[in-house]
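In what follows, a structure is listed as structure tokens, so that the remarks can point back to it.
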Amino acid sequence: TDWAEETEPEMQTRHEVRRQLDLVAGISCCTDDETMRLRLPAEVRQRVAHTCDRLDLGAGQRWAVVHPGASAASRRYPLGLFAQVCRQLVDAHGLRLIFTGTRPEKSLSDEIRAGIGAGSDSLAGELTVVELAALLERAPLLIANNTGPVHLAAAVGCPVVDLYALTNPQHTPWLVPHRVLYHDVPCRWCYKSVCPQEHHDCLEKVPPEAVVAAAIELLATRG
């Protein structure tokens with residue numbers, strides 16, 4: 001019954017989680033623990049555990065999940081650069097890469113995998129959203145664009161390398177170890193699904209070596 005005034009973007013810009021927490025705080029709903037959480041059914045965890053066993057993703061395996069898709073073209077790191085990142089992680093650092101995505105995004109994973117040879121598997125088009133969350137719960141790392149799985153990862157405690165197109169500022173990973181990578185541009189915060197400048201510099205100019213370094217750094221924090 002009470003109107004909560006919207007102060008964005010004229011007065012401030014907050015992370016979307018903070019914005020929602022502030023909203024419910026207006027009716028005195030607060031928490032001491034602001035981390036995101038997902039409750040995953042035991043049967044889903046078991047199914048994903050069997051999948052990991054099938055892929056030989058045991059405790060001693062160095063691996064990461066790679067999610068190359070995103071619903072908006074402006075938020076996708078170029079596939080050629082993604083392939084360079086993945087090739088370096090496999091060849092120079094001995095990582096096993098597990099690709100995920102929706103069924104229509106399977107071609108993205110296939111194109112990258114064709115350029116890196118051995119050292120990867122694809123679950124693109126095979127997992128439900130809940131199964132993807134369960135996989136991320138087990139994963140040492142997620143490498144992704146600014147897209148839904150980043151927030152699933154944050155909700156299950158999986159570190160994230162987030163290739164963050166500067167379309168909007170509110171959706172970085174929330175309260176989880178992460179590295180947000182972008183190239184600053186004067187046209188930031190355009191809120192567009194397709195780059196209106198047609199150069200895509202906020203992602204095109206992120207060097208693969210920076211992505212690899214961020215991934216290795218985060219993996220090191222996991223022991």
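In what follows, every heavy atom counts, from backbone to side chain, and hydrogens, waters and symmetry copies are set aside.
- Each of Val185, Leu203, Asn146 was compared with Leu166 under the side-chain contact (heavy atoms from CB on, under 4.5 Å) criterion, and only Val185 meets it.
- Contact between Arg54 and Leu123 at its shortest, heavy atoms only, is NH2-CD2, 4.0 Å.
- Ala133 and Leu38 get closest at one heavy-atom pair: CB-CD1, 3.9 Å.
- Electrostatic pairing of Arg87 and Asp91 does not count as a salt bridge here, judged by no charged N lying under 4.0 Å from a carboxylate O.
- Ile143 is not listed as a side-chain neighbour of Val65, based on a closest heavy-atom distance of 4.5 Å or more.
- Partners of Thr128 under the side chain to side chain contact (heavy atoms under 4.5 Å, CB included) rule, at least two apart in sequence or in another chain, are Val130, Glu131.
- Atom SG of Cys202 and atom NE2 of His183 lie 9.0 Å apart (nearest 0.5 Å).
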Please test Glu209 against Gln88 for side chain to side chain contact (heavy atoms under 4.5 Å, CB included), starting from the C-alpha separation and ending with a verdict. CA-CA 8 Å; Glu209 293 76 15; Gln88 291 181 41; 3.7 Å; yes

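- A salt bridge links Arg18 to Glu34: one of the charged nitrogens lies within less than 4.0 Å of a carboxylate oxygen.
- Applying the salt bridge (charged side-chain N to carboxylate O under 4.0 Å, His left out) rule to Lys192 yields no partners; only residues at least two apart in sequence or on another chain are considered.
- Listed for the Tyr164 side chain is a donor-acceptor partner under 3.5 Å among the backbone atoms of His171.
- To the nearest 0.5 angstrom, Leu127 atom CG is 11.5 Å from Thr102 atom OG1.
- For the atom pair NE2 (His151) and CG (Leu136), the distance works out to 12.0 Å, reported to the nearest 0.5 Å.
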Is there a side chain to side chain contact (heavy atoms under 4.5 Å, CB included) between Leu40 and Val156 once you walk through the steps? CA-CA 9 Å; Leu40 301 177; Val156 296; 4.2 Å; yes

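- Put simply, the side chain of Gln197 never gets that close to the backbone of His199: no donor and acceptor are under 3.5 Å apart.
- Applying the side-chain contact (heavy atoms from CB on, under 4.5 Å) test between Val161 and each of Ile216, Leu181, Val212 identifies Leu181 as the sole match.
- Hydrophobic side-chain contacts under 4.5 Å tie Trp3 to no other Ile, Leu, Val, Met, Phe, Trp or Tyr residue.
- Among residues at least two apart or in separate chains, ring pair (Phe, Tyr, Trp, His ring centres under 6.0 Å) pairs with a member in residues 53-105 are Tyr77-Phe82.
- Salt bridge annotation for Asp121-Arg96: present, with a cationic side-chain nitrogen under 4.0 angstrom from a carboxylate oxygen.
- In this structure, Ala49 and Arg138 approach most closely via the heavy-atom pair CB-NH1, 3.5 Å.
- Using a 4.5 Å heavy-atom cutoff, the side chains of Thr7 and Gln12 are in contact.
- Side-chain atoms of Ser122 come within 3.5 Å of backbone N or O of Ala124 as a donor-acceptor pair.
- Annotation: Glu198, atom CD; neighbour count of heavy atoms from other residues, nucleotides and ligands within 6.0 Å does not exceed 12.
- No donor-acceptor distance shorter than 3.5 angstrom exists from the side chain of Ser120 to the backbone of Ile116, with no hydrogens or angles considered.
- Contact of the Thr100 side chain with the Glu126 side chain is not registered, since no non-hydrogen atoms from C-beta on lie closer than 4.5 Å.
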Given Val66 and Cys86, is the side chain to side chain contact (heavy atoms under 4.5 Å, CB included) satisfied, shown in steps? CA-CA 9 Å; Val66 178; Cys86 294; 4.2 Å; yes

Verdict with reasoning, Leu81 to Val85, per side chain to side chain contact (heavy atoms under 4.5 Å, CB included): CA-CA 6 Å; Leu81 299 181; Val85 169; 5.7 Å; no

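- You'll find the side chain of Leu95 reaches within 4.5 Å of the side chain of Leu97, heavy atoms only.
- Looking at heavy atoms from C-beta onward, Leu142 lies in side-chain contact with Pro149 at the 4.5 angstrom threshold.
- Close placement of the Trp174 and His15 rings is indicated, their centers lying within 6.0 Å of each other.
- Scanning for side-chain hydrogen bond (donor to acceptor under 3.5 Å, both in side chains) contacts around Glu5 gives an empty result, with sequence neighbours left out.
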Go through Arg45 and Glu137 one step at a time and tell me if the salt bridge (charged side-chain N to carboxylate O under 4.0 Å, His left out) criterion holds. CA-CA 9 Å; Arg45 282 194 172 107; Glu137 184 182 51; 2.7 Å; yes

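- With Asn145 contributing its side chain and Gly69 its backbone, the two residues share a donor-acceptor pair below 3.5 Å.
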Worked check of salt bridge (charged side-chain N to carboxylate O under 4.0 Å, His left out) between Glu105 and Arg76: CA-CA 12 Å; Glu105 291 173 336; Arg76 297 183 202 131; 5.8 Å; no

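- Nearest heavy-atom pair, Tyr191 versus Gln170, reported as atom, atom and distance to 0.1 Å: OH-NE2, 3.0 Å.
- In terms of heavy atoms, Val160 sits closest to Ala153 at CG2-CB, 3.6 Å.
- The nearest pair of heavy atoms linking Ala144 to Val150 is CB-CG2, 4.0 Å.
- Under the side-chain hydrogen bond (donor to acceptor under 3.5 Å, both in side chains) criterion, Glu217 pairs with Arg179, not counting sequence neighbours.
- Side-chain contact between Pro68 and Ser109 is present, with heavy atoms from C-beta onward closer than 4.5 Å.
- Between the side chain of Gln61 and the main chain of Asp56, a donor-acceptor pair closer than 3.5 Å is present.
- Counting only distance, with no hydrogens or angles, the side chain of Ser74 and the backbone of Ser193 share a donor-acceptor pair below 3.5 Å.
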